[in-house]
Amino acid sequence: MNQDDGDGHIQLKQCPKCKTPIRQNVRYGTVVNRTLNDIEQVKQAVLGSVAEVSAKKASLHTLVMKMGAELTGRDHFVTAIEHQMDLRSLVGVENGLRWMEIILKTENGVGGLSSSREREELLAELKEMETWCHEHAGALSQQQSAEARNEVVRLRLLYRVRYVRERLPAETVATGLMAGFMAAISPLKGTRRQLDDAESSLKGKLTEALEPTVDKLIADIEQRYPETRESGLGVSEQERVDIVKAMGLTQGHWFKCRNGHPYAIGDCGGAMQESTCPVCKTPIGGVSHRLTEGNQLAPEMDGARHAAWSELANVENFLLNDV
C-alpha cells in the first residue's frame with residue numbers, strides 16, 4: 001500500500017470501487033496511521049500553529065501601519081488580515097501588501113517623468129493594479145500571486161526604463177559630413193535604441209528572460225551614466241546633489257517621514273513644530289527637538305550621521321585645536 005500518489009502528494013489510498021479514503025484496515029493499519037501522521041505534519045507546516053498565525057498577523061498589522069496614509073485600500077487589507085486563520089492565506093495577504101509597496105513607490109517616482117503622456121499612461125496602469133490588489137486582498141491564489149508579481153515588476157521596469165532614458169546626457173550635435181558618421185557611432189544613440197526596444201517589450205507580458213535582461217541593461221547604463229541613477233528618494237543622484245546645494249544647509253538638517261519622503265528643518269535643525277508630509281500626508285517635524293514618531297534622520301540626502309542639533313553632532317564638531 002503506497003501512500004504517495006505518484007505526484008509527490010501525501011494522501012490516503014482509496015477504495016478502487018467507491019473511492020472512499022481507507023482510514024481503517026487490519027492488514028495495512030500501520031501504513032494508514034503513518035499516512036495520517038504525515039498529512040497532519042503537512043497541514044501543520046502549511047496552516048501554522050496558533051502562535052505562528054498570531055505572530056504573522058501582528059507583523060502584517062505593523063506593515064500596514066508603516067505604510068501609513070499612503071496605503072490605499074487599507075480597510076481591505078486590515079479586514080483580510082483579521083479574517084484569515086492560517087499561514088498560507090496570510091502569506092497571500094502579505095504578498096498583496098508587498099506589491100502595493102512597489103506600486104506606491106513607483107507612483108511617487110512617475111510624477112518626476114517629464115512626458116505627460118507617458119506619466120498619465122503609466123499612472124493609469126498602476127491605479128488599475130492598485131484596484132486589483134484591493135479586490136484580491138484576502139484571496140490571492142498561488143497563480144494569482146505569480147501573475148500579480150509579474151505585472152507589478154513589469155510596471156516598475158517600464159518606469160525605470162523611461163526614467164533612465166529621460167536622464168541620459170544630451171548628444172553632441174554634429175553638422176555637415178560628420179553628422180551621419182557621428183550618429184552611426186554614437187554610444188548614446190545605441191543606448192537610447194536599447195531602451196526603446198526594452199520599452200516596447202515591456203508593453204506586453206513580462207517573460208522569464210525579459211526581466212533580467214532589462215535589469216542588466218539599466219544597471220549597465222547607470223554605471224556608465226551616474227546621473228541616470230535613482231537616489232532612492234524619488235529623484236536622480238544629480239537632482240539630490242542640486243537640491244542639497246540649493247538649500248544651503250549644513251549636514252544634519254535633512255529628515256524623512258515614516259514612508260521615507262525627505263524634508264528639511266532649518267535654523268538649528270531641531271524639530272519645533274509639526275506638519276504633514278506633502279507626499280503621503282503623514283505627520284512630520286516634531287516639538288522640543290523631538291521628532292514625530294516614525295520620522296528619522298535622512299543620511300542619504302547629505303551623508304550626516306547625526307542631527308545637526310544633537311549632542312553627538314556637537315562632539316564631532318568640537319576641535320581640540322581650538323582649546
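All residue numbers in this chain count up from 1 along the given sequence.
Under the 4.5 Å side-chain heavy-atom criterion for Ile, Leu, Val, Met, Phe, Trp and Tyr, L202 and V153 are members of the same hydrophobic cluster. Grouping the Ile, Leu, Val, Met, Phe, Trp and Tyr side chains by contacts below 4.5 angstrom, directly or via other members, places L63 with V78. Transitive grouping of hydrophobic side chains (ILVMFWY, heavy atoms separated by less than 4.5 Å) brings L60 and V64 into a common cluster.
Side-chain contact check for E82 versus H61: some heavy-atom pair is nearer than 4.5 Å. Counting only heavy atoms from C-beta outward, the side chains of L157 and L210 never approach each other to under 4.5 Å. Contact check for R162 versus E166: no side-chain heavy atoms found under the 4.5 Å cut-off. Side-chain contact check for L195 versus L168: some heavy-atom pair is nearer than 4.5 Å. No side-chain heavy atom of M272 sits under 4.5 Å from any side-chain heavy atom of I265. Y159 places none of its side-chain heavy atoms less than 4.5 Å from the side chain of K105. Counting heavy atoms from C-beta outward, M301 and M247 have side chains that stay 4.5 Å or more apart. Counting heavy atoms from C-beta outward, R165 and E118 have side chains that approach closer than 4.5 Å.
In terms of modelled atom types and a separation under 3.5 Å, the side chain of R154 and the main chain of L206 share no donor-acceptor contact. T292 places no side-chain N or O within 3.5 Å of a backbone atom of N295 that could act as its donor or acceptor partner. Under the 3.5 Å distance criterion, the side-chain polar atoms of S275 are left unmatched by any main-chain donor or acceptor of I284.
Checked against salt bridge (Lys or Arg N to Asp or Glu O under 4.0 Å), D197 has no partners two or more places apart in sequence or in another chain. Annotation: salt bridge (Lys or Arg N to Asp or Glu O under 4.0 Å) contacts of E101 (sequence neighbours excluded): R98. Judged as a side-chain contact (heavy atoms from CB on, under 4.5 Å), and not counting sequence neighbours, the contacts of K127 are E107, E130. Legend: residues meeting salt bridge (Lys or Arg N to Asp or Glu O under 4.0 Å) with R149, ordered by chain and number and at least two apart, are E211. Residues passing the salt bridge (Lys or Arg N to Asp or Glu O under 4.0 Å) test with K245: none are found, sequence neighbours excluded.
Taking CE of M100 as the start and CG of L71 as the end, the distance is 5.0 Å to the nearest 0.5 Å. Between the CG atom in L123 and the CD1 atom in I103 there is a gap of 12.0 Å [rounded to 0.5 Å]. With rounding to the nearest 0.5 Å, the separation of CG in D302 from OG1 in T250 is 8.0 Å. In this structure, E94 CD and S145 OG are separated by 10.0 Å, a value rounded to the nearest 0.5 Å. Considering OG1 of T213 and CD1 of I218, their distance stands at 11.0 Å, rounded to 0.5 Å. Rounded to the nearest 0.5 Å, atoms CD (E274) and CG (L291) are 10.0 Å apart.
Under the 30°/60° scheme for interplanar angles, the aromatic rings of H76 and H134 are found to lie parallel.
Evaluated for a side-chain contact (heavy atoms from CB on, under 4.5 Å) with V152, the options I102, L126, N95 yield exactly one hit, I102.
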Apply side-chain contact (heavy atoms from CB on, under 4.5 Å) to residues S116 and R119 and explain how you reach the verdict. CA-CA 5 Å; S116 59; R119 185 170 61 245; 3.5 Å; yes
Give the intermediate values and the outcome of side-chain contact (heavy atoms from CB on, under 4.5 Å) for residues V244 and L249. CA-CA 7 Å; V244 172; L249 298 170; over 6 Å; no
Take D220 and R224 through the salt bridge (Lys or Arg N to Asp or Glu O under 4.0 Å) test and state the conclusion after the steps. CA-CA 6 Å; D220 290 344; R224 246 180 303 152; 5.8 Å; no
Output, in order, the C-alpha distance, side-chain angles, deciding distance and verdict of side-chain contact (heavy atoms from CB on, under 4.5 Å) for T106 and L155. CA-CA 8 Å; T106 305; L155 293 173; 5.5 Å; no
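Of all the heavy atoms in G252 and L297, the pair that sits closest is O-CD1, 4.1 Å. When all heavy atoms of T228 and Y163 are compared, the pair lying nearest together is O-CE2, 3.4 Å. Residues C257 and Y263 approach most closely at N-CE2, 3.8 Å, considering heavy atoms. What you find for W132 and A148 is that their closest heavy atoms are CZ3-CB, 3.6 Å. Across every non-hydrogen atom of A198 and V161, the tightest pair is CB-CG2, 4.2 Å. Contact record, C133 with W99: SG-CB, 4.2 Å, taken as the closest heavy-atom pair.
Listed by first and then second residue, the ring pair (Phe, Tyr, Trp, His ring centres under 6.0 Å) pairs that reach into residues 277-296 are H289-W309, sequence neighbours excluded.
Around the CD atom of E128, the shell of radius 6.0 Å holds no more than 12 heavy atoms that belong to other residues, nucleotides or ligands. A 6.0 Å sphere centred on NZ of K203 holds more than 12 heavy atoms belonging to other residues, nucleotides or ligands.
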